[in-house]
There are 2 protein chains.
Amino acid sequence: MVCDEKKRRSKCPVTFALDQLGDKWSLLIVRDLMFHGKRTYGEFLESDEGIATNVLADRLKRLEAEGIIEKTRDPENRRRVLYSLTDKGFDLTPLLMEMVLWSAKYDADTATPKAMLDRMENDRAAFIQEVREGMKI
Amino acid sequence: MVCDEKKRRSKCPVTFALDQLGDKWSLLIVRDLMFHGKRTYGEFLESDEGIATNVLADRLKRLEAEGIIEKTRDPENRRRVLYSLTDKGFDLTPLLMEMVLWSAKYDADTATPKAMLDRMENDRAAFIQEVREGMKI
DNA sequence: ATTAATACTTGCATTATACAAGTAATAGCC
DNA sequence: GGCTATTACTTGTATAATGCAAGTATTAAT
């Protein structure tokens with residue numbers, strides 16, 4: 001194929017976001033980068049949800065193509081690839097925060113510390129700043 | 001099958017939300033209920049994205065089972081079924097707002113009026129209140 | 001030179017989706 | 001009451017996505 005751009009379903013912003021992130025795995029990779037300090041293929045594979053290797057490879061490729069993550073070789077160990085969030089990826093922080101707050105409200109078993117939920121709700125800007133700093137290489 | 005509960009992938013709140021909404025269609029139905037005043041199967045079918053009839057039926061069933069939407073017969077026309085958001089569904093408003101803001105930032109073609117984006121950003125509570133009022137039957 | 005670590009790719013079975021068509025219940029009209 | 005239209009689905013089938021097990025390629029360590 002000469003052109004691999006997908007046709008857009010519509011010009012709706014919700015659709016735009018869903019076309020880039022609307023599946024059961026993409027946002028878990030973003031979560032791991034954003035909140036859990038994960039950076040490598042192997043680390044993503046270890047997450048509790050158990051993503052399949054081919055699906056992980058596919059999602060990393062797509063997220064990179066969409067400019068949400070970027071890929072570098074680890075200079076200290078050249079067989080290791082390091083993934084990180086771009087600004088576009090980091091800007092998903094508020095979206096992830098709202099997901100966490102919604103789930104905390106409606107899922108009795110959610111494993112998010114109360115203190116963190118309070119910070120998310122009461123000082124959004126500070127929380128986002130903490131995430132940004134935590135993401136630093 | 002005796003029990004149709006799905007096993008959870010993890011206790012992560014992001015996973016909880018993705019298991020209920022993480023596909024390319026569920027949130028579009030929520031969007032149509034929340035922002036476009038749609039309430040019937042036929043109206044959802046008309047949306048630009050072009051959902052397949054069987055997928056729409058499946059998603060309506062799931063969303064209802066998850067307590068995000070509810071179903072009533074239209075008393076004035078008993079062959080018509082009316083869908084509406086529950087409180088749990090309405091509480092997705094901030095999540096949808098963040099999706100819209102993120103897409104507006106990164107998609108040059110997004111069709112959201114600037115004035116609406118400004119209200120979402122600068123007066124979140126008021127915007128949410130407007131949505132709530134607009135949703136009234 | 002051999003083994004280990006890391007990041008993938010491949011093949012195949014299962015599941016989900018898209019598309020076209022058909023069915024069921026209610027309503028409106030004669 | 002019988003006929004047609006409306007509305008909300010269901011069903012069948014082809015295509016695409018996912019899950020799982022196994023294999024390959026590149027770099028590092030010994």
Side-chain angles (χ1 to χ4, degrees), chain A residues 1 4-10 15 18-29 32-33 36-66 69-84, chain B residues 1 4-10 15 18-29 32-33 36-66 69-84:
Chain A
M1 276 186 286
D4 61 352
E5 276 185 49
K6 299 236 179 76
K7 247 190 306 253
R8 299 185 57 168
R9 294 188 292 171
S10 78
T15 306
L18 289 175
D19 284 345
Q20 301 207 9
L21 303 160
D23 71 273
K24 295 206 181 296
W25 296 111
S26 299
L27 278 175
L28 294 182
I29 296 171
D32 282 345
L33 287 160
H36 299 157
K38 300 195 177 186
R39 307 201 57 190
T40 66
Y41 184 91
E43 287 171 332
F44 299 133
L45 269 189
E46 286 167 9
S47 292
D48 288 344
E49 291 84 6
I51 190 171
T53 56
N54 54 343
V55 177
L56 176 56
D58 176 77
R59 293 308 184 280
L60 289 170
K61 204 173 292 174
R62 285 184 187 221
L63 288 169
E64 194 194 2
E66 289 155 353
I69 65 176
E70 54 193 6
K71 196 176 172 175
T72 53
R73 284 258 161 205
D74 185 344
E76 292 173 5
N77 179 349
R78 290 192 39 74
R79 67 192 160 179
R80 174 172 284 154
V81 175
L82 297 180
Y83 291 95
S84 57
Chain B
M1 276 186 285
D4 61 352
E5 276 186 46
K6 298 232 178 78
K7 244 191 307 253
R8 300 185 56 169
R9 294 187 293 171
S10 77
T15 306
L18 289 176
D19 284 346
Q20 303 208 8
L21 303 162
D23 72 272
K24 295 206 180 296
W25 297 110
S26 299
L27 278 175
L28 294 183
I29 296 171
D32 282 345
L33 287 162
H36 299 158
K38 300 195 177 184
R39 307 202 57 189
T40 67
Y41 185 92
E43 287 172 331
F44 299 133
L45 270 188
E46 286 166 9
S47 291
D48 287 344
E49 292 83 7
I51 189 170
T53 56
N54 55 345
V55 176
L56 175 57
D58 177 76
R59 293 307 184 279
L60 289 169
K61 203 173 293 174
R62 284 183 187 222
L63 288 169
E64 193 194 3
E66 289 156 353
I69 65 177
E70 53 193 7
K71 195 176 173 176
T72 53
R73 284 259 159 203
D74 185 344
E76 292 173 5
N77 181 347
R78 291 193 40 74
R79 68 192 158 178
R80 174 173 283 154
V81 176
L82 297 179
Y83 291 95
S84 57

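Lettering of chains follows the sequences in order, A, B, ..., and the numbering in each one begins at 1.
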Residue B:Asn77, side-chain heavy atoms: nucleotide from C:dT17, C:dA7, C:dA27 that is nearest: C:dA27
I need the minimum non-hydrogen distance between A:Lys24 and B:Asp19, along with the two atoms involved. NZ-O, 3.4 Å
Please examine the side chains of B:Arg73 and B:Val81, heavy atoms only from C-beta on, and report whether any two atoms are closer than 4.5 Å. yes
D:dA16 phosphate, OP1 or OP2, under 4.0 Å from B:Lys24 side-chain N/O: no
Just how far, in rounded Å, is C1' of C:dG28 from CZ of B:Arg79? 7 Å
Base, sugar-phosphate or nothing for A:Phe44? Non-hydrogen atoms, less than 4.0 Å. nothing
Considering only heavy atoms from C-beta outward, does the side chain of B:Leu60 approach that of B:Glu64 to under 4.5 Å? no
Need the bend value for the helix from C:dA1-D:dT30 to C:dC30-D:dG1: angle between end axes, 5 pairs each end, nearest 10°. 10°
Report yes if at least one side-chain N or O of A:Lys61 is closer than 4.0 Å to OP1 or OP2 of C:dA7; otherwise report no. no
Do B:Tyr83 and B:Lys71 come close enough that some side-chain heavy atom pair is under 4.5 Å? yes
Does B:Ser47 reach the side chain of B:Lys38, with side-chain heavy atoms less than 4.5 Å apart? yes
Counting just side-chain N and O atoms, does B:Tyr83 come under 4.0 Å of either OP1 or OP2 of D:dT7? no
If you take all heavy atoms of B:Glu49 and A:Ser10, which pair is closest and at what distance? OE2-OG, 2.7 Å
Verify the contact: side-chain N or O of A:Trp25 to OP1 or OP2 of D:dG19, cut-off strictly under 4.0 Å; return yes or no. yes
Whole angstroms only, please: what is the CG-C1' distance between B:Leu60 and C:dT17? 16 Å
Upstream residue (5' side of DNA chain C) when A:Leu45 and B:Asp23 are each assigned their closest nucleotide: A:Leu45
In this structure, how many angstroms lie between the C1' atom of C:dA7 and the CZ atom of A:Arg39, rounded? 16 Å
Using heavy atoms and a sub-4.0 Å distance, could you list which residues of residues 50-58 of chain B are near DNA chain D? By number, please. B:Thr53, B:Asn54, B:Ala57
Atom CG of A:Asp74 and atom P of C:dA7 are separated, to the nearest Å, by 9 Å
Looking at A:Asp23 and A:Arg59, does any basic side-chain N land under 4.0 Å from a carboxylate oxygen? yes
Specify the separation, in whole Å, of atom CD of B:Glu49 and atom P of C:dC19. 13 Å
Would you say that A:Ser26 contacts A:Leu63 through its side chain, given a criterion of any heavy-atom pair below 4.5 Å between the two side chains? yes
Over all strands shown, is B:Arg73 touching base, sugar-phosphate only, or nothing at heavy-atom distances under 4.0 angstrom? nothing
